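Have a look at the structure below, then the notes.
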Amino acid sequence: MPLPKSKNSVGLGNSLMNDRFGKGKGADLRRGNFQPEGIQRKGQGGETYITNHKKDASYMKMRSVTEQAALDEFLSTAELAGTDFTAEKINNVRIIHKDQKNPYLLSAAEERATVRKHKENRERLTVPRRPQWDEKTTPQQLDVREKESLLQWRRGLAELQENNDLLMTPFERNLEVWRQLWRVIERSDLVVQIVDARNPLLFRSEDLETYVTEVDQKKKNLLLVNKADMMTLEQRQLWADYFVQAGINFRFFSAELAKEINEARDLEEGSESDYSEDDSDEIDDEDALAQEAQKINLQEEAEEAEQWVDEETVAAQGESVSSPDEERIRILSTDELESLFIEHAPDIDTGPGPDGTPRKVQIGLVGYPNVGKSSTINALIGAKKVSVSATPGKTKHFQTIHLSERVVLCDCPGLVFPNFATTKAELVCSGVLPIDQLREFTGPTGLVAQRIPKPFLEVIYGMKIPIRPLEEGGTGIPTAEEILRAYGAARGFSTQGQGQPDESRAARYVLKDYVKGKLLFCHPPPTDPPVDAKHFNRELYDAAHLPAKRRAHLSPLAASSLAGTEDASLMDGDLDMVPLPGAPVQGEKSNRLDKTFFGPGQGMANVSLPFHAKYSEQGKQLSGRKLKAMVAMEKDVDPSELRMGGKKHFKGNKKRGKKVRTEYE
Ligand SMILES: Nc1nc2c(ncn2[C@@H]2O[C@H](COP(=O)(O)OP(=O)(O)OP(=O)(O)O)[C@@H](O)[C@H]2O)c(=O)[nH]1
């Protein structure tokens, strides 16, 4: 017997009606007793239909749209087409985004096949073109053409995905954002694509480079491989070889190192007067004390960074005048980057502009969110002694920054280009998909488990990861669950009810550490024959790659485990666990760090205090002074000898560290 239709059933028809006319009003409309708010339009065939008012605030227009629910996708496609959605439903609409609810990791063979498929279809990965226009084109005509162009482009990509069963990055779908890119390209002499050094090709759009030269042959492209501080010299060398062979114009940069060097210079300039004033004063104020300690921390870190760049440069330059080969693996300083901008600018008319001033070189900066675009701009600005004007340009939305007499930066909003990906897990690990909204975490954590050696995970987190022995079918590599259970237990994250380790919460921390680069893995270039990723990354998991404080308290046993010489029987035996001071007790094994990983008497150093240890047993946040006293007691040192805190909370140099915010209208 057919079931009676539920009153609450939500079909596509109801959803559409509710979306357009408000909840419940769709039904009223059908019954004929509701007048919809909206614009009545006449179709070509004389039929009447109604569309919503366009009343989105302008800032809403600039929202990045990368993933849409099926209904939103359907409606926005219909809107782009400027036609009645019922016709669209039959003819044109396809669900572009394919939701992989249970992503799995590919086997080596599957991955090879997928990568082959990517190569075959690479040319179909395009960015939308701005339609042709001239002085006679009215804004309305251009608007219609732009919508049509975007629609065609989306259809092409949808077809590509569906017919070939390919997974793609959640590419930008908002026309407003693409309009910004078109404008940035049109006015730039040099378009700089900023990419993340850990996986440069995932963040690179080859077609964007083609488009730039299509717009004007004189325009140039540059691939700026940012976060190069995360790579070893050998890794940069291999990538440089690849880029040269592929004919890609590239340079290495590190916004982070550049920032630290800027800060070191500022401190050097300002420190003398600061210290001479304060030396005689007794500092009672807690904040001032913390600031003072942080200032010293920061200065030391910055000096380290400068020394690091010098060493790297010397290594790259072979202590002599650098050859072109050595030059290309160097990490550029901000001054060098600015010179490069000028050098790369095409030979264009640099005669005076309308107001008599020489025309400045226009540099367009584009890139995915999080590749370090703002950090790069800030580093460039921070290197300037004079203040840099950041004014919204004549064109709406993107910002122009007058860096110097000769250079203007055009900052395009962060934008995800269409690219292929092997798995959704890969996209999470690359920081393209957000971690906080993640429901399925075993895939991405599984990738972390495969990529980061177990001894390094154990040392960096101060925990033991029990894994299934080989004789019982284990692989020697931890599973996602094994890592997450160990992490949850060590940090005291437990689920409500049965008090099991909270794997989902643990996953968020582990994955964020991976995305930040605390758990570091760099993809090798796709050469033939392929480079072994383990071998490529082998130098990233020694004691030198641990956070400084963690390194300082490493026990000889843990150090040897990193060097791959651990005595397996010892590492797998029962470990002496020590509870953390001040941590909430939530389970028998929670809040414990593994003493094996710290030298004698060092298990309580401030490095061994994870995030929650800042809290008392009652869950109240400890004041800086109490926390310091507690740690000092544990370490058996005078509180004044301790340095607490990190540069994150450093307030003394807010001006320099301030992120330039792009104000979009
Ligand atoms: N290690 C390292 N980290 C970096 C570097 N540049 C940026 N980061 C970090 O990468 C993260 C993202 O940097 P942002 O500058 O905010 O990136 P963005 O591209 O401007 O991102 P949106 O503002 O979302 O467009 C931040 O946590 C930075 O600290 C670098 O050169 N090295």
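All heavy atoms count here, side chains included; hydrogens, waters and symmetry mates do not. When a ligand or atom number is given, it counts from 1 through the structure's own listing order. For the single chain, residues carry numbers from 1 onward in sequence order. Predicted model, so just to flag it, every value in this text is computed and none were measured.
No donor-acceptor contact under 3.5 angstrom links the side chains of Tyr461 and Arg491, judged on distance only. Side-chain contact check for Ser404 and Glu338: at least one donor-acceptor pair (N or O, by modelled atom type) lies under 3.5 Å.
Atom CZ of Arg179 sits about 4.0 Å away from atom CD of Glu146, to the nearest 0.5 Å.
Only the side chain of Asp229 comes within 4.0 Å of ligand 1, judged by heavy-atom distances. Counting heavy atoms under 4.0 Å from ligand 1, residue Ile194 does not touch it at all.
Applying the side-chain hydrogen bond (donor to acceptor under 3.5 Å, both in side chains) criterion to Asp196, with sequence neighbours excluded, gives Arg198, Lys227. In this structure Val408 satisfies the side chain to side chain contact (heavy atoms under 4.5 Å, CB included) test together with Lys360, Gln362, Thr400, His402, sequence neighbours excluded.
Considering backbone and side-chain N/O of Gly414, none are found under 3.5 Å from N/O of ligand 1. Annotation: Ala255 places an N or O atom under 3.5 Å from an N or O atom of ligand 1; distance criterion only. At under 3.5 Å, a nitrogen or oxygen of Gly372, whether backbone or side chain, sits near a nitrogen or oxygen of ligand 1.
When Ile331, Asp196, Asn226 are ranked by how near their heavy atoms come to atom 6 (N) of ligand 1, first place goes to Asn226. Evaluated by nearest non-hydrogen atom to atom 11 (C) of ligand 1, the leading choice among Lys516, Glu260, Lys227 is Lys227.
Salt bridge annotation for Arg130-Glu186: present, with a cationic side-chain nitrogen under 4.0 angstrom from a carboxylate oxygen. A salt bridge does not link Glu209 with Lys220: every distance from a Lys NZ or Arg NE/NH1/NH2 to an Asp or Glu carboxylate oxygen is 4.0 Å or more. The existence of a salt bridge linking Arg265 and Glu260 is excluded, since no basic side-chain nitrogen approaches an acidic carboxylate oxygen closer than 4.0 Å.
Close contacts between ligand 1 and Lys373 involve ligand atoms 15 (O), 17 (O), 18 (P), 19 (O), 20 (O) [criterion: under 4.0 Å to a heavy atom]. Counting atoms of ligand 1 from 1 in the listed order, those under 4.0 Å from a heavy atom of Ser254 are 31 (O). Within ligand 1, the atoms closer than 4.0 Å to a non-hydrogen atom of Val371 are 19 (O), numbered from 1 in the order shown. For ligand 1, the atoms sitting less than 4.0 Å from at least one non-hydrogen atom of Pro369 are 21 (O), 24 (O), 25 (O), numbered in the order shown with element in parentheses. In the vicinity of Ser375, heavy-atom distances shorter than 4.0 Å reach the ligand 1 atoms 6 (N), 7 (C), 13 (O), 14 (P), 15 (O), 28 (C).
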